[in-house]
Amino acid sequence: MTNLENGLSGDETDLMRRTNIFGANKYNKPLAKSFLSFVLDAFKDMIIIILIACAVLSLAFGIKQHGLKEGWYDGGSIIIAIFLVVIVSAVSNYKQGRQFQKLSKESSNIRVEVVRDGRRQPISIFDIVVGDVVYLKIGDQVPADGLFVDGHSLRVDESSMTGESDHIEVDSENPFLLSGTKVIDGYGRMMVASVGMNTAWGEMMSSVSRDLDEETPLQARLNKLTSFIGKVGLSVAVLVLLVLMIRYFTGHTQDDAGNREFTSGKTKSGDVMDAIVRIVAAAVTIVVVAIPEGLPLAVTLTLAYSMKRMMGDNAMVRKLSACETMGSATTICTDKTGTLTLNEMRVTELCMGKEHVSVDASKEIATSIVEVLLQGIGLNTTGTVHMRPSESVPEILGSPTEKAILSWSVSKLGMMMDELKQEWEIVQVEAFNSEKKRSGVAVRRRGEQVIHIHWKGAAEMILAMCSDYYSQSGTVNVMTDEARSDFGTVIKNMADKSLRCIAFAYKKFDGSLAQFHGKLEEDGITLLGIVGIKDPCRPGVRRAVVSCRSAGVNIKMITGDNMHTARAIALECGIFNPKEDLEHEAVVEGVQFRNYSPEQRAAAIEKIRVMARSSPFDKLLMVQCLKQKGHVVAVTGDGTNDAPALKEADIGLSMGIQGTEVAKESSDIVILDDNFASVVTVLRWGRCVYNNIQKFIQFQLTVNVAALVINLVAAVSSGDVPLTAVQLLWVNLIMDTLGALALATEQPTNDLMLKPPVGRTEPLISRVMWRNLVSQALYQVIILLTLQFKGSSIFGVDKKVRDTIIFNCFVLCQVFNEFNARKLEEKNVFKGIHKNKLFLGIISMTIILQVVMVEFLKRFANTERLDWGQWGACIELAALSWPIGWLVKCIPVSGKKLFFSR
């Protein structure tokens with residue numbers, strides 16, 4: 001049995017018993033993709049398939065020519081290298097999938113409010129059991145199937161379950177509430193009837209899994225780039241294949257002894273097939289090195305790493321593309337309460353009868369007025385006051401504004417919430433919403449028929465409804481134009497101190513309960529008083545705003561507060577600067593912005609810094625207008641009505657503490673601490689993601705260009721390639737995974753916030769990158785071609801040792817160039833390197849593995865051991881990448897755009 005007033009007892013034994021009998025409030029998720037599935041996906045790559053075919057042919061002809069003992073080396077080496085590449089790719093994708101599942105689980109762990117042991121308390125949605133009494137308010141997700149207990153104006157959106165867009169009113173006549181639906185109006189309580197897999201929502205969600213293969217815009221652009229380069233590589237490979245075939249069959253190639261390789265009618269068919277396999281392998285090698293397969297993987301690694309780190313910085317990413325899009329943001333539209341301010345509200349001023357009264361001096365006010373005011377506070381609220389027997393301070397739950405008012409009324413006016421609830425009965429409620437900015441309640445004393453109406457809300461809106469006002473002594477005075485003006489001045493003076501102004505008004509209904517038709521009267525109201533609520537700015541918010549402006553990002557504050565409060569907060573935060581901004585252009589009201597013509601709105605939008613008394617529609621309108629002007633817009637929101645603006649924005653940022661579930665589901669990123677400084681952190685990470693991808697593109701394309709040119713020139717001129725398929729697979733492994741991981745884990749720096757935003761259509765490869773890329777690739781081509789044609793005479797070695805020196809020098813050039821890639825424009829490439837332990841670890845591991853490849857895996861890698869002098873020469877030649885990189889960065893680059901802008 002459940003006590004509807006006090007809820008369940010909260011006893012662990014009882015809760016466990018209910019869980020065992022009725023089940024837990026969790027649904028069975030589809031099985032996660034296994035590691036083997038990722039391995040199979042990796043084997044589907046076209047290049048891997050071509051390499052496998054080449055390896056099988058090489059294995060078959062090798063065994064036929066040299067026997068099993070000696071003939072398996074070439075083909076077997078390629079197979080082992082393929083296996084390594086596939087395993088590394090599968091492990092990376094598997095770990096990313098696990099991380100996404102973890103984030104998905106955290107995002108579904110919603111906090112809900114239940115009453116247990118007579119106390120209202122927040123618990124995890126997973127801890128709800130059958131029989132729990134759950135509180136529901138606007139924006140909440142219904143956590144389980146249940147029955148309506150009590151409430152007012154409770155309406156839910158069941159479109160997620162039924163597909164119908166109509167909002168369903170829930171009351172005693174239609175008491176059923178379905179798990180997964182959203183509360184869009186009113187408030188109430190429900191008793192949980194079934195949980196988890198026993199609900200329709202649980203059954204549906206058990207068959208739905210989040211798409212972990214979501215392709216972000218940047219990945220799509222990189223796939224196009226990869227495809228383009230792949231086509232170029234394939235064309236070059238076909239050209240090389242034709243040239244080598246023609247050279248071979250026309251007798252222009254020689255074997256190791258200097259004899260002509262092919263003579264028509266004399267050369268054995270087995271030798272011809274061996275030559276063809278060798279030529280095809282050389283062509284495939286060019287394809288392997290030409291296709292930058294590591295680019296999509298680099299994005300995946302960068303996003304996965306940044307998502308994990310952003311979680312530690314109080315930002316939970318719900319949509320992958322938001323990470324990279326945030327780096328392009330040109331405008332941030334932010335809420336005030338809780339984002340720019342601390343959300344720690346307290347009543348600091350009180351006005352009764354046009355005069356300020358100390359918030360502590362309740363004795364100055366007539367007892368009759370205090371009683372009516374307490375009724376308005378204690379009955380017209382969605383908050384609760386619970387006094388524990390062992391505690392001296394009551395536990396107060398509700399919105400920040402409600403908590404501030406309730407706390408003040410309990411501590412300063414001596415309000416007894418429980419007594420009010422027992423003495424008075426609520427007849428009708430008009431719930432607060434962001435359009436009207438007020439809430440009302442009709443009540444009657446138990447046993448009586450007289451209806452009393454209480455209103456509470458934005459001070460100037462309540463003032464407009466009032467025809468009378470109470471003085472401190474308790475007398476009723478007519479609200480003359482002069483008195484209304486005086487109250488307006490009081491409100492303005494409070495607002496200029498950054499106070500939120502809330503007014504209370506009252507009316508006794510002229511008639512009995514039978515004559516009351518349920519509609520709360522809005523005229524003939526008497527003003528009780530006005531309170532000023534202070535919500536201090538967050539420490540560091542001004543610094544965060546300055547940081548955004550330095551980064552070329554505009555900040556616009558959109559708030560429901562009146563113009564004077566909004567202006568004062570914006571001034572305090574640094575969003576509004578009276579020296580730079582004209583007040584009549586920079587601070588506008590929502591209704592003013594709404595009534596502009598499209599042309600006027602477009603002309604005014606750039607100058608607006610603050611929009612006060614705004615509705616969710618005004619916020620949506622601003623987002624649409626900014627996007628039409630070409631801005632990349634990020635929007636913060638916490639309410640249910642913010643959902644359209646959050647969805648419309650390029651990046652929707654919901655609040656983790658005050659945000660409703662509807663807002664969170666409509667957003668791309670959840671700011672877990674509701675802090676504007678965390679929004680700026682997300683901006684830094686977004687820029688860091690894009691910057692890291694550019695670093696990797698520069699690094700990988702340098703390798704691709706150099707290797708392609710070297711193998712092409714060598715193949716056409718001598719009929720042989722210095723870098724074998726196995727060696728290039730090893731280089732690919734360095735680039736694709738180790739290189740991507742090293743450059744993807746660079747953390748955001750303050751320098752990123754000194755540059756303008758990356759435009760929506762900015763090129764992936766800028767002129768700066770081309771300058772760096774071409775210079776390094778040109779140096780590597782010159783050095784390696786010199787070694788190809790003159791290396792044997794320079795070092796006095798045979799062809800096999802020469803090829804090993806070329807391979808070793810090529811790999812070491814990439815190691816040194818990886819340092820250059822850390823900084824696209826800065827000359828000091830070692831700045832902050834001590835902070836990236838992973839980068840240093842990967843560089844060390846790459847060097848160690850290269851030593852192993854050259855010195856100990858001779859048959860596998862087709863290498864010969866090198867002496868100390870040869871190692872020293874390779875290191876010296878590779879190390880020249882550093883001074884060349886430094887000198888090249890002295891060359892000025894005009895403009896940024898070049899190729900691959902789309």
Mark yes or no for whether Asp140, through its side chain, and Lys137, through its backbone, hold a donor-acceptor pair below 3.5 Å. yes
Locate the shortest heavy-atom distance separating Phe576 from Leu571; write the atom from each residue and the value. O-CD1, 3.5 Å
Using every non-hydrogen atom in the two residues, find where Leu743 and Phe696 come nearest and quote the distance to one decimal. CD1-CA, 3.9 Å
Check step by step if salt bridge (Lys or Arg N to Asp or Glu O under 4.0 Å) holds for Glu572 and Arg542. CA-CA 8 Å; Glu572 195 175 341; Arg542 189 179 184 90; over 6 Å; no
Quick check against the 3.5 Å criterion: does Asp496 have a side-chain atom that pairs as donor or acceptor with the backbone of Ala568? no
In sequence, state the C-alpha distance, the side-chain angles, and the governing distance for Met494 and Cys501, and then conclude on side-chain contact (heavy atoms from CB on, under 4.5 Å). CA-CA 7 Å; Met494 283 187 180; Cys501 304; 3.5 Å; yes
Within a strict 4.5 Å, meaning less than it, do heavy atoms of the Thr331 and Lys556 side chains meet? yes
Beyond-backbone contact of Tyr187 with Ile138, side-chain heavy atoms, under 4.5 angstrom: no
Closer than 4.0 angstrom, basic N to acidic O: yes or no for Lys889 and Glu826? no
First locate atom SG of Cys688, then atom CD1 of Ile693, and finally report the distance between them rounded to the nearest 0.5 Å. 9.5 Å
Value for CZ (Arg484) from CG (Leu463), rounded to nearest 0.5 Å, stands at 5.5 Å
Candidate list Asp561, Thr559, Thr565, test side chain to side chain donor-acceptor pair (under 3.5 Å), partner Lys336, passing option: Asp561
Please name the pair of heavy atoms, one in Ala329 and one in Leu683, separated by the smallest distance, quoted to 0.1 Å. CB-CD1, 4.1 Å
Please check: side-chain N/O of Arg687 versus main-chain N/O of Ala551, any donor-acceptor pairing under 3.5 Å? yes
For Lys664 against Gly656, the heavy-atom pair lying closest together: NZ-O, 3.1 Å
With the side chain counted from C-beta on, respond yes when Val679 and Val682 share a heavy-atom pair under 4.5 Å apart, and no when they do not. no
side-chain contact (heavy atoms from CB on, under 4.5 Å) between Leu840 and Ile833, worked out: CA-CA 8 Å; Leu840 295 173; Ile833 199 168; 3.9 Å; yes
Between Arg594 and Asp618, does at least one N-O distance fall below 4.0 Å, as a salt bridge requires? yes
What side-chain donor-acceptor pairs closer than 3.5 Å can you find for residues 602-613, not counting sequence neighbours?
{"unit_1": "Glu606", "atom_1": "OE1", "unit_2": "His631", "atom_2": "NE2", "d": "3.2"}
{"unit_1": "Glu606", "atom_1": "OE2", "unit_2": "His631", "atom_2": "NE2", "d": "2.9"}
{"unit_1": "Arg609", "atom_1": "NH1", "unit_2": "Glu606", "atom_2": "O", "d": "3.2"}
{"unit_1": "Arg613", "atom_1": "NE", "unit_2": "Glu460", "atom_2": "OE2", "d": "2.4"}
{"unit_1": "Arg613", "atom_1": "NH1", "unit_2": "Gly560", "atom_2": "O", "d": "2.2"}
{"unit_1": "Arg613", "atom_1": "NH2", "unit_2": "Glu460", "atom_2": "OE1", "d": "2.8"}
{"unit_1": "Arg613", "atom_1": "NH2", "unit_2": "Glu460", "atom_2": "OE2", "d": "2.7"}

Tell me the closest heavy-atom pair linking Val633 and Ala649, and the distance in Å. O-CB, 3.7 Å
Does Asp638 use its side chain to pair, donor to acceptor, with the backbone of Met655 at less than 3.5 Å? no
Quick check for you: to the nearest 0.5 Å, what is the distance between Ile657 atom CD1 and Leu672 atom CG? 8.5 Å
Should Lys497 and Glu349 be marked as a side-chain contact (heavy atoms from CB on, under 4.5 Å) after you check the CA-CA gap, both sets of side-chain angles, and the distance that decides it? CA-CA 10 Å; Lys497 300 174 188 175; Glu349 290 197 22; 2.9 Å; yes
Should Asn828 and Lys823 count as side-chain neighbours, where that means a heavy-atom distance under 4.5 Å? no
Kindly say whether Ser678 contributes a backbone atom to a donor-acceptor pair with the side chain of Asn675 at under 3.5 angstrom? no
Is the count of non-hydrogen atoms from other residues, nucleotides or ligands lying under 6.0 Å from Asn750 atom CG greater than 12? no
Any side-chain to backbone donor/acceptor pair from Thr636 onto Asp335? Under 3.5 Å, distance only. yes
Would you confirm whether Lys456, through its side chain, and Asn380, through its main-chain N or O, come within 3.5 Å as a donor-acceptor pair? yes
Check whether any side-chain heavy atom of Gln747 sits under 4.5 Å from a side-chain heavy atom of Tyr305, and report yes or no. yes
Between the main-chain N or O of Thr341 and the side-chain N or O of Arg538, is there a donor-acceptor pair closer than 3.5 Å? yes
Determine whether Trp408 and Val531 satisfy the following criterion, side-chain contact (heavy atoms from CB on, under 4.5 Å), listing intermediate values before the conclusion. CA-CA 10 Å; Trp408 167 69; Val531 294; 3.9 Å; yes
Think Arg438 forms a cation-pi with Phe432, using NZ or CZ under 6.0 Å from the six-ring centre and within 45 degrees of its axis? no
Do Thr337 and Arg500 have a side chain donor and acceptor closer than 3.5 Å? yes
Any chance the side chains of Ser407 and Arg346 put a donor and an acceptor closer than 3.5 Å? no
Point-to-point distance, once rounded to the nearest 0.5 Å, from CG of Leu646 to CG of Asp668: 8.5 Å
Could you tell me if the side chain of Asn314 sits less than 4.5 Å from the side chain of Thr681, heavy atoms only? no
To the nearest 0.5 Å, tell me how far Thr745 OG1 sits from Lys308 NZ. 12.0 Å
Looking only at atom types and distance, does a side-chain atom of Arg601 sit under 3.5 Å from a main-chain N or O of Phe593, one as donor and one as acceptor? yes
Is it true that Lys182 and Glu665 have a side-chain N and a carboxylate O under 4.0 angstrom from each other? yes
With a 4.0 Å cut-off, would you call Arg309 and Asp313 a salt bridge? no
Side chains of Thr382 and Tyr135: does their closest heavy-atom pair fall under 4.5 Å? no
Specify the closest pair of heavy atoms between Gly637 and Lys619, including all atoms of both residues, with the distance to one decimal. CA-NZ, 4.0 Å
Taking Asp674 for the side chain and Thr339 for the main chain, is one N or O donor matched with an acceptor at less than 3.5 Å? no
Student check: side-chain heavy atoms of Ile491 and Asn562 closer than 4.5 Å: yes
From CD1 (Ile502) to NZ (Lys437), nearest 0.5 Å: 10.5 Å
